[in-house]
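First the structure, in the form of structure tokens, and then the observations on it.
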Amino acid sequence: MHVLSLGDTILLEAGAGAPVWRWWGPGAGAGVRDLPGLAALRPRADFALEAPVPLTLVPGFGTGWFGPAALRAHRSGQDFAQQWQAAHIDQTAESLTVTLVDPAARLRLIQRLAVEGAVVRLRAELVNEGAPLTLDWLAAGTLPLPPGAARIKSFTGGYNDELAETLEPMPAHQWQREGVSGITGHAGPPGLFVLTADAGWHQGLVYAAQLAWSGNHRLLVARADGGWLLQAGEALAPGEVQLKTGESYQTPELIVTCAEAGVNGALQAFHAAIRAAGPVLGPRPVHLNSWEGLYFDQDAARMIALAERAAALGVERFVIDDGWFAGRVDDRAGLGDWRVDPRKYPQGLMPLAERVTALGMDLGLWVEPEMVNPDSDLYRAHPDWVLALPGAPRPTARHQLVLDLGRAEVRAHLFAALDALLRALPIAYLKWDHNRALAPAAGADARPGYRAQLLGCYALIDQLRAAHPALEIEACAAGGGRIDAGIARRTHRFWTSDNLDAVSRSTIQRGFLHFMPPERMGAHVGAAPAHGTGRAQAMAFRAAVALPGHFGVELDPETLTPADAALLKAAIARYKALRDRLHQGQVWLGEGADGLAWQAQGSAAALLLQLTRCAPPRERFPPALPLPMLGDARYRVTLIDLALSRACPQPAWTQTLRAGVVLPGAWLRHAGLPLPALAAESAALIALEAVGEAGAA
Ligand code: GLA
């Protein structure tokens, strides 16, 4: 037996079988590498196996471990209980690769762990060296959770109501979050946070995990043999993966972190991991998206007029949403026929594209490549190209079916269609939508096609990006239905939600920021009343809520009053001036007293602090706001913007902060920033900059 440690948080005992988990968390650093007698200190129990089977890196099924197994596989019922032997352990300072074999079952399992900054990336691979095998489940990783784990923070949601936070106690038995709709879903990324008893936004031990995967998934937290464990992987459909001799299956990557600085520590680790694995992003251009301004009611003249109004506001990328292609007068027809509608655009899209670029903007175009309307030329030509059960009805959703991207000829057709568009027009950006779940999802061989569908989608995006390296892609799925670390590797922006109501948005966006950095968060200023809810908020508040993300506009500026148009133009200019600070640093989320939400973006030395109040205050006098992320320096505190729904009763506060005031960081950390009384639907943007001795004088 010897101790295996990885990074500062992982401690395992290596032996003859799969390495045994001894700890995941703080305190596993260099000092414990020579920990003597770990095996002798393992807990024992009466009326149990003489050689108890503890939680291992790859807990087995049917051999004495009675918690969730990492692998469930069989050959018509044979070889269901694997007896792993450790064959190789390869370790570097940043990685651990454990190869296990079961010579009788002729299986090889490779579990990989790689440390990158504050995250660990885990992935497992199963190689079938025997007769054909049915694989039901292979966890990307199984990790122990600490005895002090107290609550699970996860997210739920639906269309127009993505990423709604829920808090639950640790389970007596098992907690499970499973998605089998073939896509990530509106609850947000397949991930969760586990908080220890004293953990909060800024302090305490927090564990978090997210799968880099946009398809079916299963996450579980289970009580087993005296502790909790966390396990996650792809949820396979019955019979979906059958491995022939010599074939292997690779899980999606599971990204985990354990942070001593609370939820913010964990989400900052996620942001760094998403940035490290994804495309490098330049300054995020201001968008105008045509959807809520024009819907399907578009043509060359209207679109050019909209582009001109967009440019006058300072917009930098003009995105033509749904409705530009043949047959698309509403959502009943046209998907699949990616040619420009000759009635709306008799001269094609080039005159519009030229006008957009002449106005100094990038051009973006909406597509929904995986989908087809039955009322389309593509479907009429290839009715066999969709996911469907043989002989069964083909239920539509939003009047559409799903093309089978598991088939090479379908991918080749879609690549040719999209590549032709990208070659014909100066398109900098595709908004890539996916407006329905996969059901039923049988491929050409009538077997489950979920995995093949997703791998086909990833391959298609990768092929397009290789052919058009400058192309940016937005991942959209009826709003925020495909937000995850798998598609984040190959795309540049998420459409966070179709709900543009700023009150709804302020919670949806906070959910988003638990997993993804703000520069990926599509955040638009929409109309009032909001099309998604019918509620109306003032322009200043709408713009303030959109500011921290990747800012955009989704309305026809012609409908604005001159005062609102001027406010929006000023907000666009403000976003351009601040985007580098908003997007390249860390994010802190927090809650003040009495319903005030805040977030800060930047570094501890130079922060932009946004305060948002959605509901009316209860307290007559607003409590001060402690800012726990500040250091001991003195900070110049300057009010940049105040979006008030009612006049602030404290003009002296506004005047003082507009001019800027220098305050000690320690005082702001503990006593807090004095605040004015803000009415419902108000926001404030404040800069905090550490100043040297001169500034402090
Ligand atoms: C989805 C998207 C919207 C818009 C429409 C177009 O709902 O989320 O933003 O693109 O499709 O049909």
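Remember, it's 1-based here, ligands and their atoms both numbered in the order they're listed. Positions are given from 1, in the same order as the sequence printed here. Just so it is clear, the model here is predicted, and its values are computed rather than measured.
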Minimal non-hydrogen separation, Ala277 against Arg489, with atom names: CB-NE, 3.8 Å
message: Parallel, tilted or perpendicular, judged at 30° and 60°: which one describes the rings of Trp495 and His524?
response: tilted
- prompt: At a non-hydrogen distance cut-off of under 4.0 Å, which region of Glu292 contacts ligand 1 (side chain, backbone, both, or neither)?
  reply: neither
Heavy atom of the protein closest to atom 8 (O) of ligand 1 (residue, atom name, distance): Asp498 OD1, 2.6 Å
message: Could you check whether any side-chain N or O of Trp324 sits under 3.5 Å from a backbone N or O of Trp366, counting only pairs where one atom can act as donor and the other as acceptor?
response: yes
field: Those atoms of ligand 1 less than 4.0 Å from some heavy atom in Asn435
entry: 1 (C), 7 (O), 11 (O)
Minimum heavy-atom distance Thr184-Ile483, with the two atoms named: CG2-O, 3.5 Å
query: What part of Glu368, side chain, backbone, both or neither, has a heavy atom within less than 4.0 angstrom of ligand 1?
result: neither
query: Which part of Cys476 is near ligand 1, with near meaning a heavy atom under 4.0 Å away: side chain, backbone, both or neither?
result: side chain
message: Using a 4.0 Å cutoff against the non-hydrogen atoms of Gly479, which atoms of ligand 1 qualify?
response: 8 (O)
- prompt: When only distance counts, is Phe296 in polar contact with ligand 1, meaning an N/O pair under 3.5 Å?
  reply: no
field: NZ/NE/NH1/NH2 to OD/OE distance under 4.0 Å, Glu558 and Arg309
entry: yes
query: If you count the atoms of ligand 1 from 1 in the order shown, which ones are under 4.0 Å from a heavy atom of Trp495?
result: 8 (O), 9 (O)
message: Tell me the protein heavy atom at minimum distance from atom 12 (O) of ligand 1, and give that distance in Å.
response: Asp322 OD2, 2.6 Å
field: Closest protein heavy atom (residue, atom, distance) for atom 10 (O) of ligand 1
entry: Asp321 OD1, 2.7 Å
- prompt: Below 4.0 angstrom, N of the basic side chain to O of the carboxylate: do Glu165 and Arg510 qualify?
  reply: no
- prompt: Is it true that Glu368 and Arg436 make a salt bridge, defined as a side-chain N closer than 4.0 Å to a carboxylate O?
  reply: no
message: Treating Asn289 as the side-chain partner and Trp291 as the backbone partner, does any N or O pair qualify as donor plus acceptor under 3.5 Å?
response: yes
- prompt: Short N/O distance, under 3.5 Å, between Asp433 and ligand 1?
  reply: yes
query: Is the closest N or O pair between Lys431 and ligand 1 shorter than 3.5 Å?
result: yes
message: Would Arg398 count as a polar contact of ligand 1, with the cut-off being nitrogen or oxygen pairs under 3.5 Å?
response: yes
task: Scan Arg520, Arg493, Arg482 and name whichever one has a salt bridge (charged side-chain N to carboxylate O under 4.0 Å, His left out) with Glu474.
output: Arg493
